[in-house]
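Each chain gets a letter, A, B and so on, in the order the sequences are listed, and its residues count up from 1. Values below: every heavy atom of this structure, side chains too, minus hydrogens, waters and symmetry copies.
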Amino acid sequence: MPELPEVEVTRLGLAPLINGTVYNVEVRNFSLRWPVNPNLKKILSSQKLISLSRRGKYLLADFSNGYLIIHLGMSGRISIVSEKKLPIKHDHIDICFKVDGNKKILRYNDTRRFGAMIWTDDNPFNHKLICTLGPEPLSDEFNTDYLFDIVKRKTQPIKSTIMDSHTVVGVGNIYASESLFLASIRPQRQSQKIKKKEIRVLVGSIKIVIQKAIERGGSTLNDFYSVNGQSGYFQNEHKVYARENECCTNCNGKIYLLKIAQRSSFYCKKCQI
DNA sequence: TTTATAACCTGAACGC
DNA sequence: TGCGTTCAGGTTATAA
(Lines give C-alpha, C1' and ligand atoms only; values in the text may rest on other atoms or scores of the structure.)
Protein backbone atom coordinates (compact mmCIF):
# COMPACT_ATOMS: atom_id res chain seq x y z
CA MET A 1 0.00 0.00 0.00
CA PRO A 2 1.83 3.01 1.22
CA GLU A 3 4.47 4.74 -0.82
CA LEU A 4 5.69 8.22 0.00
CA PRO A 5 2.56 10.06 -1.22
CA GLU A 6 0.30 7.85 0.88
CA VAL A 7 2.48 8.39 3.96
CA GLU A 8 2.44 12.15 3.37
CA VAL A 9 -1.35 12.11 2.99
CA THR A 10 -1.54 10.18 6.27
CA ARG A 11 0.76 12.69 8.00
CA LEU A 12 -1.36 15.63 6.90
CA GLY A 13 -4.50 13.83 8.05
CA LEU A 14 -3.09 13.37 11.55
CA ALA A 15 -2.68 17.13 12.11
CA PRO A 16 -5.79 17.32 14.38
CA LEU A 17 -3.89 15.31 16.99
CA ILE A 18 -1.06 17.82 17.33
CA ASN A 19 -0.94 19.41 20.79
CA GLY A 20 -3.02 16.53 22.09
CA THR A 21 -2.05 14.68 25.27
CA VAL A 22 -1.99 10.90 25.52
CA TYR A 23 -4.34 9.51 28.16
CA ASN A 24 -4.23 5.84 27.19
CA VAL A 25 -2.44 3.40 24.89
CA GLU A 26 -3.79 -0.01 24.00
CA VAL A 27 -1.58 -2.48 22.17
CA ARG A 28 -3.57 -5.56 21.13
CA ASN A 29 -0.75 -7.13 19.15
CA PHE A 30 2.89 -6.38 19.92
CA SER A 31 4.10 -8.49 17.01
CA LEU A 32 4.74 -6.09 14.14
CA ARG A 33 7.84 -6.17 11.94
CA TRP A 34 9.79 -5.46 15.10
CA PRO A 35 8.18 -6.06 18.49
CA VAL A 36 6.38 -3.02 19.90
CA ASN A 37 8.00 -1.72 23.09
CA PRO A 38 6.12 -3.50 25.92
CA ASN A 39 6.32 -0.28 27.97
CA LEU A 40 4.78 1.92 25.28
CA LYS A 41 1.71 2.70 27.38
CA LYS A 42 3.85 3.81 30.32
CA ILE A 43 6.23 5.77 28.07
CA LEU A 44 3.53 7.73 26.21
CA SER A 45 1.24 8.31 29.16
CA SER A 46 0.57 12.05 29.67
CA GLN A 47 2.95 12.96 26.84
CA LYS A 48 2.09 15.74 24.43
CA LEU A 49 2.31 15.29 20.65
CA ILE A 50 4.35 18.27 19.54
CA SER A 51 4.60 17.72 15.79
CA LEU A 52 4.46 15.15 13.02
CA SER A 53 7.08 14.94 10.32
CA ARG A 54 8.07 12.45 7.67
CA ARG A 55 11.34 11.02 6.44
CA GLY A 56 10.86 8.80 3.39
CA LYS A 57 8.06 6.43 4.27
CA TYR A 58 8.63 6.84 8.01
CA LEU A 59 6.30 9.01 10.08
CA LEU A 60 8.04 10.72 12.98
CA ALA A 61 5.75 11.63 15.86
CA ASP A 62 7.54 14.09 18.12
CA PHE A 63 6.41 13.69 21.73
CA SER A 64 7.61 15.62 24.79
CA ASN A 65 9.91 12.79 25.84
CA GLY A 66 11.00 11.22 22.54
CA TYR A 67 9.87 10.05 19.12
CA LEU A 68 7.56 7.39 17.82
CA ILE A 69 8.83 6.15 14.45
CA ILE A 70 5.96 4.67 12.45
CA HIS A 71 6.17 2.68 9.23
CA LEU A 72 3.04 1.41 7.49
CA GLY A 73 4.73 -1.53 5.78
CA MET A 74 2.63 -2.98 2.98
CA SER A 75 -0.80 -2.92 4.54
CA GLY A 76 -0.64 -0.45 7.44
CA ARG A 77 -3.31 2.19 7.85
CA ILE A 78 -3.89 4.89 10.43
CA SER A 79 -7.24 6.45 11.16
CA ILE A 80 -8.61 8.87 13.72
CA VAL A 81 -11.69 7.38 15.36
CA SER A 82 -13.96 8.17 18.27
CA GLU A 83 -13.77 6.32 21.56
CA LYS A 84 -17.06 4.60 20.76
CA LYS A 85 -15.80 2.89 17.63
CA LEU A 86 -15.03 -0.74 18.45
CA PRO A 87 -11.78 -2.18 17.11
CA ILE A 88 -11.98 -4.59 14.22
CA LYS A 89 -9.66 -7.36 13.11
CA HIS A 90 -6.03 -6.20 12.71
CA ASP A 91 -6.58 -2.98 14.70
CA HIS A 92 -3.37 -3.56 16.62
CA ILE A 93 -2.69 -0.28 18.41
CA ASP A 94 -4.75 2.61 19.80
CA ILE A 95 -3.12 5.80 21.04
CA CYS A 96 -5.77 7.84 22.81
CA PHE A 97 -5.47 11.64 22.84
CA LYS A 98 -7.25 14.45 24.56
CA VAL A 99 -7.27 17.45 22.22
CA ASP A 100 -9.01 20.66 23.31
CA GLY A 101 -11.16 18.64 25.68
CA ASN A 102 -12.15 16.12 22.99
CA LYS A 103 -11.10 12.47 22.89
CA LYS A 104 -9.55 11.28 19.64
CA ILE A 105 -8.06 7.85 19.01
CA LEU A 106 -5.18 7.20 16.63
CA ARG A 107 -5.88 3.65 15.48
CA TYR A 108 -3.24 1.58 13.70
CA ASN A 109 -4.48 -1.28 11.53
CA ASP A 110 -2.08 -3.56 9.69
CA THR A 111 -3.29 -6.81 8.14
CA ARG A 112 0.09 -8.19 7.23
CA ARG A 113 2.03 -6.70 10.12
CA PHE A 114 4.99 -5.62 8.00
CA GLY A 115 4.74 -2.18 9.55
CA ALA A 116 6.51 -0.91 12.63
CA MET A 117 6.03 1.37 15.62
CA ILE A 118 9.37 2.06 17.28
CA TRP A 119 10.03 4.24 20.29
CA THR A 120 13.26 6.20 20.59
CA ASP A 121 14.27 8.88 23.08
CA ASP A 122 17.21 9.81 20.85
CA ASN A 123 17.21 11.99 17.74
CA PRO A 124 15.24 9.86 15.24
CA PHE A 125 17.55 10.97 12.43
CA ASN A 126 20.32 9.03 14.20
CA HIS A 127 18.25 5.86 14.23
CA LYS A 128 19.76 3.05 12.13
CA LEU A 129 16.62 2.83 9.98
CA ILE A 130 16.64 6.56 9.20
CA CYS A 131 20.29 7.63 9.10
CA THR A 132 21.18 5.59 6.00
CA LEU A 133 18.28 6.84 3.87
CA GLY A 134 18.86 8.66 0.60
CA PRO A 135 17.50 12.16 -0.12
CA GLU A 136 13.84 13.10 -0.41
CA PRO A 137 12.73 12.95 -4.06
CA LEU A 138 11.31 16.49 -3.98
CA SER A 139 14.43 18.00 -2.44
CA ASP A 140 17.16 19.87 -4.35
CA GLU A 141 19.61 17.27 -3.08
CA PHE A 142 17.99 14.74 -5.40
CA ASN A 143 19.27 16.01 -8.72
CA THR A 144 20.85 14.84 -11.99
CA ASP A 145 24.46 14.88 -10.76
CA TYR A 146 23.56 13.00 -7.60
CA LEU A 147 21.64 10.21 -9.35
CA PHE A 148 24.08 9.91 -12.24
CA ASP A 149 26.92 9.46 -9.79
CA ILE A 150 25.07 6.51 -8.27
CA VAL A 151 23.80 4.81 -11.43
CA LYS A 152 27.18 4.81 -13.16
CA ARG A 153 28.44 2.32 -10.55
CA LYS A 154 25.39 0.04 -10.68
CA THR A 155 24.85 -2.96 -12.92
CA GLN A 156 21.37 -3.71 -11.56
CA PRO A 157 18.19 -2.69 -13.44
CA ILE A 158 17.37 1.02 -13.16
CA LYS A 159 14.05 0.20 -11.52
CA SER A 160 15.84 -1.57 -8.67
CA THR A 161 18.18 1.41 -8.26
CA ILE A 162 15.44 4.01 -7.94
CA MET A 163 13.44 1.76 -5.60
CA ASP A 164 16.43 1.44 -3.25
CA SER A 165 15.75 3.76 -0.31
CA HIS A 166 19.49 4.41 0.01
CA THR A 167 19.40 5.99 -3.47
CA VAL A 168 16.23 8.03 -3.00
CA VAL A 169 13.41 7.52 -0.51
CA GLY A 170 9.78 6.94 -1.20
CA VAL A 171 9.80 5.48 -4.71
CA GLY A 172 7.96 2.18 -4.42
CA ASN A 173 6.76 -0.25 -7.04
CA ILE A 174 3.89 1.84 -8.40
CA TYR A 175 5.74 5.12 -8.74
CA ALA A 176 8.92 3.48 -10.05
CA SER A 177 6.95 2.05 -12.99
CA GLU A 178 5.12 5.33 -13.56
CA SER A 179 8.28 7.47 -13.36
CA LEU A 180 10.16 5.25 -15.81
CA PHE A 181 7.25 5.42 -18.26
CA LEU A 182 7.22 9.20 -18.05
CA ALA A 183 10.99 9.25 -18.61
CA SER A 184 10.70 6.80 -21.59
CA ILE A 185 13.17 4.39 -19.98
CA ARG A 186 12.56 0.64 -19.79
CA PRO A 187 12.65 -0.62 -16.18
CA GLN A 188 15.03 -3.47 -16.98
CA ARG A 189 17.76 -1.22 -18.49
CA GLN A 190 21.11 -1.61 -16.76
CA SER A 191 21.62 1.46 -14.58
CA GLN A 192 25.17 2.27 -15.68
CA LYS A 193 24.18 2.25 -19.37
CA ILE A 194 21.72 5.09 -19.01
CA LYS A 195 22.93 8.40 -20.40
CA LYS A 196 23.15 11.51 -18.26
CA LYS A 197 20.52 13.32 -20.30
CA GLU A 198 18.13 10.41 -19.62
CA ILE A 199 18.92 10.58 -15.91
CA ARG A 200 18.03 14.28 -16.01
CA VAL A 201 14.62 13.40 -17.44
CA LEU A 202 14.19 10.55 -14.94
CA VAL A 203 14.88 12.80 -11.95
CA GLY A 204 12.30 15.26 -13.26
CA SER A 205 9.81 12.46 -13.87
CA ILE A 206 10.15 11.07 -10.33
CA LYS A 207 9.54 14.54 -8.91
CA ILE A 208 6.48 15.07 -11.12
CA VAL A 209 4.94 11.67 -10.36
CA ILE A 210 5.48 11.94 -6.59
CA GLN A 211 4.21 15.54 -6.45
CA LYS A 212 1.11 14.73 -8.49
CA ALA A 213 0.34 11.64 -6.39
CA ILE A 214 0.50 13.70 -3.20
CA GLU A 215 -1.86 16.27 -4.72
CA ARG A 216 -4.31 13.49 -5.70
CA GLY A 217 -4.28 12.00 -2.20
CA GLY A 218 -2.19 8.94 -3.09
CA SER A 219 -3.19 5.78 -4.92
CA THR A 220 -5.99 3.61 -3.62
CA LEU A 221 -5.56 0.09 -4.94
CA ASN A 222 -6.74 -2.53 -2.50
CA ASP A 223 -6.56 -0.87 0.82
CA PHE A 224 -5.16 2.64 1.01
CA TYR A 225 -7.45 5.14 2.62
CA SER A 226 -6.51 8.37 4.28
CA VAL A 227 -6.95 9.06 7.97
CA ASN A 228 -10.51 10.19 7.30
CA GLY A 229 -11.36 7.10 5.28
CA GLN A 230 -11.12 8.92 1.94
CA SER A 231 -9.60 7.00 -0.96
CA GLY A 232 -6.82 8.49 -3.06
CA TYR A 233 -7.31 9.27 -6.73
CA PHE A 234 -3.88 8.90 -8.31
CA GLN A 235 -4.64 5.30 -9.38
CA ASN A 236 -6.94 6.84 -12.00
CA GLU A 237 -3.86 8.42 -13.55
CA HIS A 238 -1.63 5.36 -13.64
CA LYS A 239 -0.28 5.09 -17.18
CA VAL A 240 1.26 1.63 -16.94
CA TYR A 241 0.97 0.24 -13.41
CA ALA A 242 -1.40 -2.77 -13.25
CA ARG A 243 -2.39 -2.20 -16.88
CA GLU A 244 -0.91 -5.35 -18.44
CA ASN A 245 -2.23 -5.99 -21.99
CA GLU A 246 -4.10 -2.70 -21.98
CA CYS A 247 -3.36 0.06 -24.50
CA CYS A 248 -0.65 2.61 -23.90
CA THR A 249 -2.24 6.02 -23.43
CA ASN A 250 0.53 7.53 -25.52
CA CYS A 251 1.00 5.23 -28.55
CA ASN A 252 -1.91 2.80 -28.27
CA GLY A 253 0.61 -0.07 -28.09
CA LYS A 254 0.43 -2.88 -25.53
CA ILE A 255 1.55 -2.59 -21.91
CA TYR A 256 3.82 -5.45 -20.87
CA LEU A 257 4.43 -7.06 -17.49
CA LEU A 258 7.93 -8.05 -16.45
CA LYS A 259 9.23 -9.35 -13.13
CA ILE A 260 12.23 -7.43 -11.86
CA ALA A 261 13.62 -8.46 -8.47
CA GLN A 262 10.42 -10.43 -7.83
CA ARG A 263 8.28 -7.34 -8.34
CA SER A 264 5.79 -6.72 -11.12
CA SER A 265 6.99 -4.05 -13.49
CA PHE A 266 4.92 -2.54 -16.27
CA TYR A 267 6.14 -0.80 -19.40
CA CYS A 268 5.41 0.06 -23.01
CA LYS A 269 7.87 -1.37 -25.55
CA LYS A 270 7.25 1.46 -28.01
CA CYS A 271 7.45 4.44 -25.68
CA GLN A 272 10.24 3.18 -23.42
CA ILE A 273 13.70 2.36 -24.74
C1' DT B 1 31.07 -4.40 -2.33
C1' DT B 2 27.19 -5.34 -5.09
C1' DT B 3 23.29 -7.98 -6.38
C1' DA B 4 19.78 -11.49 -5.82
C1' DT B 5 16.81 -13.95 -2.99
C1' DA B 6 14.21 -15.43 1.07
C1' DA B 7 11.63 -14.05 4.74
C1' DC B 8 8.15 -11.68 7.52
C1' DC B 9 2.07 -12.31 7.40
C1' DT B 10 -2.66 -12.27 5.76
C1' DG B 11 -6.22 -12.36 2.51
C1' DA B 12 -7.98 -12.04 -2.18
C1' DA B 13 -8.17 -14.09 -6.59
C1' DC B 14 -7.77 -17.83 -9.37
C1' DG B 15 -7.68 -22.68 -11.16
C1' DC B 16 -9.04 -27.26 -10.62
C1' DT C 1 -18.38 -25.44 -2.72
C1' DG C 2 -13.87 -26.31 -1.26
C1' DC C 3 -9.11 -26.77 -1.46
C1' DG C 4 -4.47 -25.48 -2.96
C1' DT C 5 -1.58 -22.11 -5.21
C1' DT C 6 -0.09 -17.59 -6.38
C1' DC C 7 0.33 -12.90 -5.70
C1' DA C 8 0.26 -8.25 -3.45
C1' DG C 9 1.90 -1.57 -2.53
C1' DG C 10 8.01 -2.71 1.78
C1' DT C 11 12.24 -3.61 3.81
C1' DT C 12 15.89 -6.27 6.00
C1' DA C 13 19.03 -10.08 6.53
C1' DT C 14 21.54 -13.34 4.34
C1' DA C 15 23.60 -15.80 0.51
C1' DA C 16 26.07 -15.70 -3.65
Inset, instruction - Test A:T161 against A:Q156 for side-chain hydrogen bond (donor to acceptor under 3.5 Å, both in side chains), laying out the working first. - result: CA-CA 7 Å; A:T161 300; A:Q156 64 182 176; 3.1 Å; yes

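- Figure legend: cation-pi geometry between A:K98 and A:Y23, with NZ or CZ positioned under 6.0 Å from the six-membered ring centre and within 45° of its axis.
- The side chain of A:S160 contributes no N or O atom lying less than 4.0 Å from OP1 or OP2 of B:dA4.
- Taking the side chain of A:R263 as heavy atoms from C-beta on, and the options C:dG9, C:dT12, B:dT3, the nearest nucleotide is C:dG9.
- Each of A:F181, A:Y175, A:F266 was scored for a ring pair (Phe, Tyr, Trp, His ring centres under 6.0 Å) with A:Y241, with one residue passing: A:F266.
- Nearest to the side-chain atoms of A:Q156 among the listed nucleotides C:dG9, C:dT11, B:dT3 stands B:dT3.
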Legend entry - Watson-Crick and G-U pairing of DNA chain B written in dot-bracket, each distance under 3.5 angstrom, with | for inter-strand partners: .|||||||.|||||||

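- Look at the P atom in both C:dC7 and B:dT5: the space between them is 15 Å, to the nearest Å.
- Which of B:dT3, B:dA4, C:dT12 sits closest to the side chain of A:P157 comes down to B:dA4.
- Geometric assessment of A:K269 against the ring of A:Y256 yields a positive cation-pi assignment under the 6.0 Å and 45° thresholds.
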Inset, instruction - At under 4.0 Å between heavy atoms, which parts of nucleotides 6-11 of chain B does protein reach? Answer with one letter per nucleotide, 5' to 3': B base, S sugar-phosphate only, - none. - result: B-BBBS

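- At the phosphate of C:dT11, neither OP1 nor OP2 sits under 4.0 Å from any side-chain N or O atom of A:K128.
- Under 4.0 angstrom from either OP1 or OP2 of B:dT3 there lies at least one side-chain N or O belonging to A:K154.
- For the P atoms, the distance from B:dC9 to C:dT14 is 16 Å, rounded to whole Å.
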